Protein chains: 2
Amino acid sequence: MDHRCEHDAAASVGLKGSALAQALDQAGSRCDSDGQRLTAPRRRVLELLLGAEGPVKAYDLIAAFGVDGEAAKPPTVYRALEFLERQGFAHRIESLNAYVACRLGADTHAAAFLICDCCGATREIEPAGADVLVASAGRDGFVVTNLTVEAHGLCAACRAS
Amino acid sequence: MDHRCEHDAAASVGLKGSALAQALDQAGSRCDSDGQRLTAPRRRVLELLLGAEGPVKAYDLIAAFGVDGEAAKPPTVYRALEFLERQGFAHRIESLNAYVACRLGADTHAAAFLICDCCGATREIEPAGADVLVASAGRDGFVVTNLTVEAHGLCAACRAS
DNA sequence: GCTGGAAGTGTTATGAAATAACATTACATC
DNA sequence: GATGTAATGTTATTTCATAACACTTCCAGC
Ligand SMILES: [Zn+2]
Ligand SMILES: [Zn+2]
Ligand SMILES: [Zn+2]
Ligand SMILES: [Zn+2]
């Protein structure tokens, strides 16, 4: 789980400037049409996630929350994260105790991640094979409402070295 | 995640008596042939997991550790859990912060769980579709060493009510 | 059998992650 | 502008997990 090598974490680059503003506006629009409110703290946490280069710990969000360097109170951030997750704007990565902005857009969806245990790079992927599992569960009468897949391993860069 | 209904958690029944003893002996044998040691604390934690009816929290293991009702120290149990997971005798369920004995036997393997958010029943299943995902990751140069799938939803019993 | 190193354990203390509980404020609807 | 709901602010606490270091057990090689 920790970085055990000297590689650049080739994680998805965080959004900046107008790209960031645009992504936030998009989120705002989707909230509007869904009857949801992208309030200030929610927007701020999403901004931090979108701007980050990889998964972010809750307490790092808490520390970075205030524009003036002032920390937030934990519930402020945890509530925002809960909302963002519910709306499909963010995912929690259970095996890291960390959070990422969704990079696949669209609605709430099964989340799948490839997590390099060497450099820490984390990539959200289409959950290939998820339909098979959901169908298999359905045959037993189990209805899946939420599915998470977390694959740990080594990325191409770290394997090469 | 909490029990929100009055159903019996139709979880896998915990092992007792000779079945439990046999399972522990089997684990011991497998450790022997693998050059591993199923020491007393490891064996005790595995015993607690095998005897439980579902996922168990680490601090519940800590509290139940002493046969005389005396609690263990956290590192004792966490180390044992780490070992049991490494050997494939137990799994950590990330989305519950809880641990279960592996019910599929055999070696270390991808773990998949169906978790009923209503009654709490948790079932380990064969990770259908996992091969597809691993193959897909492999095409990108990512080698999966460890895969976890956690599906939340409603079990047949809870859906029926 | 002694011995040296590795693996495992005991113990104390601390750190990290998340939530409970309750007061207060914003917001839409009537 | 009254009313109810959703969201936020704030304090405190709970839950989960690990760091650090001393001590013991085990086994291989002498
Ligand atoms: Zn996503
Ligand atoms: Zn890597
Ligand atoms: Zn298993
Ligand atoms: Zn159920």
Side-chain angles (χ1 to χ4, degrees), chain A residues 1-4 27-28 31-49 55-68 70-87 89-100 150, chain B residues 1-4 27-28 31-49 55-68 70-87 89-100 150:
Chain A
M1 321 300 194
D2 284 350
H3 297 208
R4 291 180 202 129
C31 283
D32 284 350
S33 43
D34 292 356
Q36 299 295 323
R37 296 164 53 202
L38 189 62
T39 58
R42 292 168 176 176
R43 189 181 175 91
R44 174 59 176 155
V45 170
L46 180 54
E47 182 182 13
L48 289 170
L49 289 178
V56 191
K57 300 277 199 171
Y59 271 72
D60 289 341
L61 294 170
I62 287 168
F65 185 85
V67 185
D68 50 359
E70 218 173 351
K73 306 291 168 59
T76 303
V77 166
Y78 279 106
R79 285 166 180 160
L81 287 170
E82 189 184 14
F83 170 84
L84 294 172
E85 240 188 309
R86 204 164 53 228
Q87 303 304 319
F89 293 123
H91 300 290
R92 170 178 163 79
I93 301 185
E94 300 284 356
S95 58
L96 299 178
N97 285 0
Y99 302 83
V100 288
E150 301 183 13
Chain B
M1 323 305 195
D2 284 352
H3 298 209
R4 295 182 198 126
C31 283
D32 285 349
S33 43
D34 292 355
Q36 300 295 324
R37 295 165 53 201
L38 189 62
T39 59
R42 292 168 176 178
R43 189 182 176 90
R44 175 57 177 155
V45 170
L46 180 55
E47 183 182 14
L48 289 170
L49 289 177
V56 191
K57 300 278 200 171
Y59 271 74
D60 289 340
L61 294 170
I62 288 168
F65 186 85
V67 185
D68 50 359
E70 218 174 350
K73 306 290 168 62
T76 302
V77 166
Y78 278 106
R79 284 166 180 160
L81 287 170
E82 189 185 13
F83 170 84
L84 294 173
E85 239 188 309
R86 204 164 53 228
Q87 302 305 319
F89 293 124
H91 300 291
R92 170 177 164 82
I93 302 186
E94 299 284 355
S95 58
L96 298 178
N97 284 1
Y99 302 82
V100 288
E150 301 184 12

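Every value quoted in this text rests on a predicted model; they were computed, and no experiment measured them. Chain letters run A, B, ... following the sequence lines, proteins first, then strands; residues in each count from 1.
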Which whole-number value in Å describes the distance from [X] [atom1] to [N] [atom2]?
X	N	atom1	atom2	result
B:Leu96	D:dA17	CG	P	11 Å
A:Asp60	C:dA17	CG	P	8 Å
A:Leu81	D:dT8	CG	P	12 Å
B:Leu38	D:dC26	CG	P	14 Å
A:Arg44	D:dT8	CZ	C1'	17 Å
A:Ile62	C:dG15	CD1	P	17 Å
B:Glu94	D:dC16	CD	P	13 Å
A:Asp32	C:dA28	CG	P	11 Å

Measure from the side chain of [X], starting at C-beta and using heavy atoms only, and say which of [options] lies closest.
X	options	answer
A:Tyr78	C:dA18, D:dA17, D:dT10	C:dA18
A:Lys73	C:dG10, D:dA7, D:dT10	D:dT10
B:Ala58	D:dA17, C:dT19, D:dA19	D:dA17
A:Thr39	D:dT8, C:dT9, D:dT11	D:dT8

Write down the atom of [X], the atom of [Y], and the distance for their closest heavy-atom approach.
X	Y	value
A:Pro55	A:Leu96	CG-CD1, 4.0 Å
B:Pro41	B:Thr76	CB-CG2, 4.1 Å
A:Pro74	A:Tyr59	CG-OH, 3.6 Å
A:Asn97	A:Lys57	O-CD, 3.4 Å

Discussion item. Both B:Phe65 and B:Pro74 contact DNA chain C. Which one's nearest nucleotide lies toward the 5' end?
Written reply: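 The residue closer to the strand's 5' end, by nearest nucleotide, is B:Phe65.
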Item to complete: Using the six-membered ring wherever Trp is involved, compare the ring planes of B:Phe83 and B:Phe89 and label them parallel, tilted or perpendicular (cut-offs 30° and 60°).
Response: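 Because their plane-to-plane angle lies in the 30° to 60° range, the rings of B:Phe83 and B:Phe89 count as tilted.
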Given [N], is OP1 or OP2 found less than 4.0 Å from the side-chain N or O atoms of [X]?
X	N	result
B:Arg37	C:dG8	no
B:Lys57	D:dC16	yes
B:Tyr99	D:dA17	yes

Discussion item. On DNA chain D, compare the nucleotides closest to B:Arg79 and B:Arg92; which residue's is nearer the 5' end?
Written reply: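 Nearest nucleotide further toward 5': that of B:Arg92.
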Worksheet item: Starting at the 5' end of DNA chain D and moving along, which residue's nearest nucleotide shows up first, B:Tyr59 or A:Ala80?
Response: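 On the 5' side of the pair lies A:Ala80.
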Worksheet item: With distance as the sole test, does A:Glu150 use its side chain to make a donor-acceptor pair with the main-chain N or O of A:Ile93 at under 3.5 Å?
Response: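 No, A:Glu150 side chain to A:Ile93 backbone: no donor-acceptor pair under 3.5 Å.
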Worksheet item: With a non-hydrogen cut-off below 4.0 angstrom, is B:Pro75 in contact with a base, only sugar-phosphate, or nothing?
Response: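 It contacts base atoms.
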Worksheet item: How many angstroms lie between CG in A:Leu49 and NE2 in A:His91, if you round to the nearest 0.5 Å?
Response: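 Answer for the CG-NE2 pair, A:Leu49 versus A:His91, is 11.0 Å.
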Item to complete: To the nearest 0.5 Å, tell me how far A:Arg44 CZ sits from A:Leu38 CG.
Response: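 With rounding to 0.5 Å, CZ (A:Arg44) is 13.0 Å from CG (A:Leu38).
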Practice prompt. Have a look at the helix from C:dG1-D:dC30 to C:dC30-D:dG1 and give the angle its two end axes make, five pairs each, rounded to 10 degrees.
Written response: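 Here the helix ends are tilted 30° relative to one another.
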